[in-house]
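Just below is one structure, and these are the notes that go with it.
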Amino acid sequence: MAEADNTPTGAGSQPVAMPIPGHIDPLPVDRPGLVGGITPRADGKIDLLGLPRPRIAELFADAGLDAKQAKLRAKQVFHWLYHRGVTEFSAMTDIAKAMRPWLSERFVIGRPDVVEAQHSSDGTRKWLLRTADGHEFEMVFIPDADRGTLCVSSQVGCTLNCRFCHTGTMRLVRNLTPGEIVGQVMLARDALGEWPRGRMDGLEDEEDEGGYSADGRLLTNIVMMGMGEPLYNFDNVRDALRLVMDGAGLALSKRRITLSTSGVVPLMARCGEEIGVNLAVSLHAVSKDVRDEIVPINRKYGLEELLQACADYPGASNARRITFEYVMLKDKNDSDEDAHELVRLLRKYDLPAKVNLIPFNPWPGAPYECSTPERIRRFSNIVFEAGISAPVRTPRGRDIDAACGQLKTAAEKKSRAERDREELERIYAEKQAALD
Ligand code: SAH
Ligand code: SF4
């Protein structure tokens, strides 16, 4: 592979990451035109999805509305966008009829394009999505008995080259915009049929609340564990998650959102302060040598520094523990000694911790194998016996290329893709019909 140009140019408001010595660590740079976090569209219209209310008001004012009107319309549109999941201005019944075409001539409410959707026999659903400028990324929905978790991507590809991770092998990297991040949540709710079915005549107060209660939701949790390193796209991830948490919209509690980082230490405190979600850390190894090899950001921010940042994480407590992810790699990080060392480190830093043991999900050409089930069980028992919860994550959606980054490369099944696209179109048509 050619040497990457590590010069931090044009990163705009993105956090500046230093190159990792000896490793390709290109910076995610905004592409030309990606100014202000909006991906330009071929039709020249502006996508409102992902923009905060004041920015929507600003755009309405720029397009000619007076300040008061612009603010009011922004509030109404925001409600339709995030509370009702509406994608057409024509459905916004409390906005004057004449105003609706004025809006749709200038603006759109976008969704990522669906390239392919897969449904596993265990209920797991996986989508290969595409941005308006043609970049592909993934999203996964994992239903369980008591929750439904959406695994959201923060970047196309990843600049960090963790050796066991398929996403890390992708060369092309671009930060997803807030709209492309929150768009994943919107699309999942579309596909799950999860928007309130209230009367669409502007009498919001009378809508059928029974159809939309916290308990009845299918999508209850979000994990930033899809493609990319969320803390290398901090501003956009923060802005997107603020929209997801906004009480006037999707209103998901911060306690139901988890951000996973490979250990971008300088941004961890800001994550706690400015986003306030649960933290997961991809630890994966307990010695410098092994972590340097498999999670190369460790060469820049070492284990001690990382664990100290975890100990200082705002909001962490015994009620809100930090999750330590640990991928089980045969003969690499899975010995009894490793398990004991893990316990020692977590105790040393007095961390409110739980450990998530992840069986390695192999991909073609991967340099590792998964530990044996007996080894994983033994490792789990050692940690558990020390009083730290250490469940083994059950692999999900194995029949649909489960590991992150795998759908993107395996997207050759055209006839199936066609079928799934039709399914999504049908869902949209039904939604539209419900509005008419
Ligand atoms: N970049 C962030 C979040 C995305 S990766 C991070 O690294 O934390 C989400 C989780 O999946 C991480 O814990 C990552 O280490 C793990 N993962 C990646 N590839 C995997 C594979 N092939 N098998 C098992 N887990 C994997
Ligand atoms: Fe990037 Fe996370 Fe994969 Fe590492 S594990 S390459 S940080 S997505």
Side-chain angles (χ1 to χ4, degrees), residues 17 20 23-28 137-140 142 149-176 181 184 222-234 237 257-265 267-268 271 277-285 290-301 306 310 322-330 332-334 354-371 376 392-398 401-410:
I20 295 166
H23 266 267
I24 296 171
D25 183 24
L27 279 164
F137 60 102
E138 298 175 0
M139 164 178 102
V140 183
I142 304 156
T149 306
L150 188 69
C151 180
V152 170
S153 289
S154 56
Q155 297 180 311
V156 173
C158 185
T159 53
L160 299 168
N161 312 101
C162 300
R163 284 200 70 196
F164 54 86
C165 173
H166 199 241
T167 304
T169 66
M170 287 170 197
R171 296 200 54 197
L172 181 75
V173 179
R174 127 131 140 69
N175 281 336
L176 293 176
I181 297 168
Q184 296 171 60
I222 289 178
V223 291
M224 296 302 301
M225 289 188 189
M227 293 169 73
E229 168 49 59
L231 294 188
Y232 270 178
N233 186 16
F234 184 84
V237 167
I257 303 175
T258 301
L259 183 147
S260 173
T261 180
S262 57
V264 185
V265 168
L267 287 164
M268 284 168 58
C271 175
V277 293
N278 302 321
L279 184 70
V281 170
S282 294
L283 195 65
H284 303 320
V290 178
R291 197 161 191 270
D292 276 356
E293 176 190 325
I294 66 178
V295 188
I297 196 177
N298 195 65
R299 297 169 190 209
K300 189 164 167 42
Y301 309 115
L306 174 60
C310 291
I322 296 175
T323 304
F324 290 90
E325 295 162 282
Y326 200 98
V327 63
M328 298 301 295
L329 304 173
K330 189 174 183 185
K332 181 49 69 181
N333 64 357
D334 63 351
K354 53 188 174 191
V355 174
N356 210 341
L357 298 176
I358 315 172
F360 170 61
N361 202 338
W363 37 274
Y368 303 109
E369 281 174 60
C370 184
S371 311
I376 299 178
V392 181
R393 195 194 282 175
T394 324
R396 298 290 300 265
R398 281 263 156 125
D401 312 313
C404 285
Q406 295 196 3
L407 183 65
K408 184 170 165 173
T409 15

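In this chain, numbering begins with 1 at the start of the sequence shown. Counting convention: from 1, in listed order, for ligands and their atoms alike.
- Listed by number with element, the atoms of ligand 1 under 4.0 Å from a non-hydrogen atom of Thr261 are 6 (C), 8 (O).
- Of the candidates Gly228, Ser154, Cys158, Ser262, Gly228 brings a heavy atom nearest to atom 1 (N) of ligand 1.
- Across all non-hydrogen atoms, the minimal contact from Ile294 to Ala285 is CD1-CB, 4.1 Å.
- In this structure the side chain of Leu231 reaches within 4.5 angstrom of the side chain of Leu259, judged on heavy atoms.
- Shortest contact from atom 2 (Fe) of ligand 2 to any protein heavy atom: Gly228 O, 4.5 Å.
- Here Met224 contributes atom CE and Cys151 contributes atom SG; the two are 8.5 Å apart, rounded to the nearest 0.5 Å.
- Residue Met227 places every heavy atom at 4.0 Å or more from ligand 1.
- Every atom of ligand 2 is numbered from 1 in the order shown, and the set under 4.0 Å from a heavy atom of Gly168 is 6 (S).
- At least one heavy atom of Gly226 sits closer than 4.0 Å to an atom of ligand 1.
- Side-chain atoms of Leu329 and Val290, non-hydrogen and from C-beta on, never get closer than 4.5 Å to each other.
- Counting atoms of ligand 2 from 1 in the listed order, those under 4.0 Å from a heavy atom of Ser262 are 7 (S).
- The shortest side-chain heavy-atom distance between Val392 and Met328 does not fall under the 4.5 Å cut-off.
- Side-chain contact check for Ser154 and Glu229: no donor-acceptor pair (N or O, by modelled atom type) lies under 3.5 Å.
- Taking a cut-off of under 4.0 Å to the non-hydrogen atoms of Glu325, the atoms of ligand 1 that pass are 10 (C), 12 (C), 13 (O).
- Within the listing of ligand 1, atoms 24 (C), 25 (N) sit less than 4.0 angstrom from a heavy atom of Val327.
- Listed by atom number, the atoms of ligand 1 under 4.0 Å from Ile358 heavy atoms are 24 (C), 25 (N).
- Numbered from 1 in the order shown, with element, the atoms of ligand 1 that lie under 4.0 Å from a heavy atom of His284 read 13 (O), 14 (C), 15 (O).
- Here Cys162 meets the criterion, with an N, O or S atom under 2.8 Å of atom 4 (Fe) of ligand 2.
- Annotation: side chain of Leu283 is in contact with side chain of Arg291 (closest heavy-atom distance under 4.5 Å).
- Closest to atom 2 (C) of ligand 1 by heavy atom, among Pro395, Ser260, Ala280, is Ser260.
- Proximity of a side-chain donor or acceptor of Glu325 to a complementary backbone N or O of Ile358 within less than 3.5 Å is not detected.
- Of the protein's non-hydrogen atoms, the one nearest atom 1 (Fe) of ligand 2 is Cys158 SG, 2.3 Å.
- Nearest heavy atom pair, residue Gly157 against residue Val173, reads C-CG2, 4.3 Å.
- Nearest approach of Pro230 to Val237, heavy atoms of both residues: O-CG2, 3.6 Å.
- Looking from atom 6 (S) of ligand 2 to the surrounding protein, the closest heavy atom is Leu160 O, 2.8 Å.
- Residue Cys165 holds the heavy atom nearest to atom 5 (S) of ligand 2 of all those in Gly263, Gly157, Cys165.
- At least one donor-acceptor pair closer than 3.5 Å links the side chain of Asn333 to the backbone N or O of Val327.
- Within ligand 1, the atoms closer than 4.0 Å to a non-hydrogen atom of Cys165 are 18 (C), 19 (N), numbered from 1 in the order shown.
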